[in-house]
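Every chain is numbered from 1 and lettered A, B, ... according to where its sequence line falls, protein lines coming before strand lines.
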Amino acid sequence: MARILTAVAWPYANGPRHIGHVSGFGVPSDVFSRFMRMSGHDVLMVSGTDEHGTPIGVQAEREGLTNREAADKYNRVIVEDLQGLGLSYDLFTRTTTLNHYAVVQDLFSALHRNGYVVARVQMGAISPSTGRTLPDRYIEGTCPICGYGNARGDQCDNCGNQLDPIDLIDPRSKINGETPEFVETEHFFLDLPSLAGSLSAWLETRTDWRPNVLKFSENLIAELKPRAITRDIDWGVPIPLDGWRDQPMKKLYVWFDAVIGYLSAAIEWAKRSGDPEAWRLWWSDPEAQSYYFMGKDNIVFHSVIWPGILLGQNGQGDHGGVPGDLGVLNLPSEIVSSEFLTMSGSKFSTSRGQVIYVGDFIREFGPDALRYFIAVAGPENTDSDFTWEEFVRRTNFELANEWGNLVNRSISLAWKNNGGIPEPGELADVDRALLATAAESYATVGALLERSRFKQAISEAMRLVQSANRYLSETEPWKLKDDPARRDTVLHTALQVVSDANTLLTPFLPHAAQKVFEALGGEGVWAAQPEIRTVSEEGGPDYPVLMGDYANEQAVWASRPIVPGTPLVKPTPLFTKLDEELGRTGPDFARLDA
RNA sequence: GGCGGGAUAGCUCAGGUGGUAGAGCAAGCGGCUCAUAAUCGCUGUGUCGCGGGUUCAAGUCCCGCUCCCGCUACCA
């Protein structure tokens, strides 16, 4: 048994999340965690909503809300979406908790004490009316190179050159149109160059990482520069230093606080679990493994910057130092990054309405159809495309026909002939062969899941489903009226393999797996689901979190012998088939341009 | 510009450490009828982006080129 931290990227709470988001961090991390739990490992899966920063404020203003109200609103929407998808977080929290603030300040203080945080004056754009930092991407103006009128502050979309916003002609704020002011402002910087040496040395030990992640990270380290970790903004974690703490317009930069969430969420989980020190089992024990799941745009934060922060707080960079109050903390073991999901060939775009929200999707089609699609056709190694036509095909032909119908036909036969799970007689070669295939699948599929090869893993599991369908065609139990002993053996074998296939599919399709488990006469929780619980902190408001009692689920990554005599009832279809018209038109909430 | 990824049957894609190209879908034929008109079997097709090179042998390694995509850090 091993301890495994599943650290899942934190969705940003400035709106509902679309299926591209959950295809990157959500479904893969859950499949992985469920598999690891079933294999007997001690998994801690944490995440939360990322709620600070300028875009929250922009969204809040658009809706006439305060920052806090906007964060509350989208935190809840996202919590409900992820719960609906069945993502089995041990804790899904948020960055606006007192606990998170305390942990972030703790790490900042340790970095500061050890000399990895330095103050510097820089030239930055601020909004004159609010005094807030105006990020480059919220500034537009005329490109000084090509004269294009709508160049962004960081890059000109017309000539492609990278720009400095201060060079723009007639710069203006995209938020409210005012002219940004460029002022000297003092900020803290994370001294990444002084951590580059230890980062390099550490990366050299990551030999099993995907070459592209490793290469990408090594290249970044070669040209690391100090990176700002504070901003002129009133919405964020206060800087825990005298002279800074009380400045209303100085806060820690959102990326810095968000990435610390993996740690703060583990600590919050420990408090809520009743043993406040329990988080150390995943963070302080060098034997514990940590797997970080994210989209490819986030690799740099997890392979370089977050490890840099940890090394600095551990006192393991060029400046040395001593570990912070939390002690020496583990660096990431694995980075599991996904590529991007596109929608009918284009990028998802909220502003152009080219988007499919998770909530809409699962209300209409249920969680497992989406989970299946993402697992089997998601952007695992390369960008992949979502089309309604492909979704309908996968759902109808693969989920409903191959798997759902296998369950249905097997249980139907046994129910009609025996009213329950039949007693097997002597096995024939064909029976043994199928059972052997099923038995071998645990190792095959498991090895793939351990390496986060989800596509291949679910394809292998579905191969067993196909074998079972073939087996029924070959043995034709419906023709064995005159040989009930043989028929019972065949049906028993078929049901056993249905049970095995269901176990193999449980990490991918936990909701359907629970139904199949029950249809085979099982009682109680097979695959546990996350619950929304309302919690609070001393001195703080109530907020919703996702938690779950996963230790009590019965699902185990091993063949579970079915029990002859267990009564069965007439089965109902496992998956509803979709109207093929849907493939051409899309659903009402995401019509293909009609 | 820099870095990275992709380019394989009509379509969607697999093809760690080199050895005469695979799967699913779509199409055709046949079997079966237990099951959500479900299922099972059989039948094709490929200059593996282009041009060189290494090798007995390259989709698989090296060099160059073309096209597509992503990242490029003060975005979250």
Side-chain angles (χ1 to χ4, degrees), chain A residues 9-14 50-56 95 122 124-125 133 135-138 152-155 160-162 165 187 189-190 192 210-213 215-216 218-220 222-231 253-259 295-301 304-305 339-340 342 347 376-377 379-385 387 389-390 393-394 396-402 404-417 451 453 455-456 459 462-463 466 468-480 487 490-491 494 571-577:
Chain A
W10 289 52
Y12 196 62
N14 67 338
D50 177 7
E51 303 182 1
H52 294 123
T54 308
I56 296 280
T95 57
Q122 68 167 171
T133 295
D136 288 359
R137 67 176 180 132
Y138 284 107
R152 288 179 297 147
D154 49 356
Q155 190 178 4
N161 283 293
Q162 280 193 59
H187 282 297
F189 285 71
L190 181 63
L192 287 165
R210 292 190 196 174
N212 61 329
V213 173
K215 192 89 201 292
F216 181 58
E218 283 165 355
N219 289 339
L220 285 166
E223 45 193 272
L224 279 179
K225 290 181 291 199
R227 187 177 170 119
I229 59 171
T230 57
R231 292 285 85 174
Y253 202 159
V254 54
W255 69 259
F256 180 78
D257 94 66
V259 79
K296 63 180 169 183
D297 54 332
N298 258 327
I299 293 174
V300 55
F301 282 95
V304 176
I305 295 177
E339 304 289 308
F340 288 150
T342 55
K347 286 171 76 170
V376 78
E380 189 172 310
N381 295 313
T382 177
D383 290 355
S384 73
D385 196 36
T387 63
E389 203 178 352
E390 185 70 357
R393 190 187 70 71
R394 296 262 187 203
N396 287 357
F397 289 82
E398 295 177 9
L399 268 189
N401 289 356
E402 287 181 6
N405 184 56
L406 171 67
V407 173
N408 207 5
R409 69 194 300 209
S410 315
I411 295 179
S412 247
L413 281 165
W415 167 70
K416 271 193 215 166
N417 288 302
R451 292 184 297 148
R453 304 282 294 259
K455 265 187 195 189
Q456 234 182 308
S459 300
M462 288 301 283
R463 206 177 298 281
Q466 289 157 13
N469 273 319
R470 191 180 318 124
Y471 169 82
L472 285 174
S473 285
E474 283 169 7
T475 53
E476 300 182 308
W478 51 88
K479 283 186 178 171
L480 295 172
R487 186 186 63 200
V490 167
L491 293 182
T572 55
L574 191 57
F575 299 101
T576 312
K577 290 175 73 163

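Residue order along RNA chain B, read from the 5' end via each residue's closest nucleotide, puts A:Arg393 first among A:Arg393 and A:Arg409.
Here A:Gly404 lies in heavy-atom contact (under 4.0 Å) with a base. Heavy atoms of A:Asn408 sit under 4.0 angstrom from at least one base atom. Across all strands, A:Pro477 comes closer than 4.0 Å to no nucleic acid atom at all (heavy-atom distances). Nucleic acid contact class of A:Ile305 (heavy atoms, under 4.0 Å, all strands): none.
For A:Lys225 and B:rC74, the shortest distance from a side-chain N or O to OP1 or OP2 is not below 4.0 Å. Contact annotation: A:Lys577 does not reach the phosphate of B:rA37 (side-chain N/O to OP1 or OP2, under 4.0 Å). Applying the 4.0 Å criterion to OP1 and OP2 of B:rC75, one finds that A:Arg231 has every side-chain N and O outside that range.
Following rounding to the nearest Å, A:Trp255 (CH2) and B:rA73 (C1') show an atom-to-atom distance of 9 Å.
To the nearest whole angstrom, the two P atoms, one in B:rU54 and one in B:rG44, are 37 Å apart.
No hydrogens or angles were tested; on distance alone, a donor-acceptor pair under 3.5 Å links the side chain of A:Arg227 to the base of B:rA73.
Across the strands present, B:rG59 finds no partner; the criterion is a Watson-Crick or G-U wobble pair with both atom distances under 3.5 angstrom.
Among B:rC75, B:rC32, B:rA35, the nucleotide with an atom closest to any side-chain atom of A:Lys479 is B:rC32.
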